[in-house]
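Read through the structure below, which is laid out as structure tokens, and then see the notes.
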Amino acid sequence: NWMVRMITNKRNASKLTRGHLKIAKDFIKTKVLVGLFSEMEESVERLDKFFKWRYHIHPTNQEKCRIKQVTVGANVNKGKKFATPKPGSVVYELLAEQNALDIELYEYAEA
């Protein structure tokens, strides 16, 4: 529940509550411009509109660069790859339990 802890400034709290989750949701709703990796193109367009980003120097080249970064990516970790725990496995269930509030916060932001 790292994200809920950071948003609510409860880094050292031993236990988070649904009240902390509500604070985090309210914060996301009123203070955050959400971008999702799974919806990269739409997220970048949202950022473009919000910040009024425009291409001024070599617009054609800048647009090509943007498309490449959105579709291919940059700063990709090509080093070690770790297996993702499978839903239903003991590891997956432990992680889901320990991060239940962050998962719910993510689902809220995604909606």
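These figures come from a predicted structure and were not determined experimentally.
When every heavy atom of Leu16 is checked against every heavy atom of Val4, the shortest pair comes out as CD1-CG1, 3.9 Å. Nearest heavy atoms, Leu95 versus Pro85: CD1-CG, 3.9 Å.
Counting non-hydrogen atoms of neighbouring residues, nucleotides and ligands closer than 6.0 angstrom, the NZ atom of Lys25 exceeds 12 such neighbours.
Residue pairs that meet the side-chain hydrogen bond (donor to acceptor under 3.5 Å, both in side chains) test with at least one member in residues 89-103, sequence neighbours left out, do not exist here.
Side chains of His58 and Lys64 form no contact here, defined as non-hydrogen atoms less than 4.5 Å apart.
For Ile7, the side chain to side chain contact (heavy atoms under 4.5 Å, CB included) criterion is met by Met3, Ala24, Phe27, Ile28, Leu105, not counting sequence neighbours.
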Contacts table for residues 33-48: side-chain donor-acceptor under 3.5 angstrom, sequence neighbours left out:
from  : atom 1 : to    : atom 2 : distance (Å)
Glu41 : OE2    : Arg66 : NH1    : 3.3
Ser43 : OG     : Leu36 : N      : 2.7
Ser43 : OG     : Leu36 : O      : 3.2
Ser43 : OG     : Glu39 : O      : 2.9
Arg46 : NH1    : Val34 : O      : 2.7
Asp48 : OD2    : Arg66 : NE     : 3.2
Asp48 : OD2    : Arg66 : NH2    : 3.1

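Under the 4.5 Å side-chain heavy-atom criterion for Ile, Leu, Val, Met, Phe, Trp and Tyr, Leu94 and Trp2 are members of distinct hydrophobic clusters.
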Quiz item: Is there a side-chain contact (heavy atoms from CB on, under 4.5 Å) between Val91 and Lys86 once you walk through the steps?
Solution: CA-CA 8 Å; Val91 172; Lys86 303 274 187 259; over 6 Å; no

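Once rounded to the nearest 0.5 Å, the distance linking OG1 of Thr8 with CG of Leu21 reads 9.5 Å.
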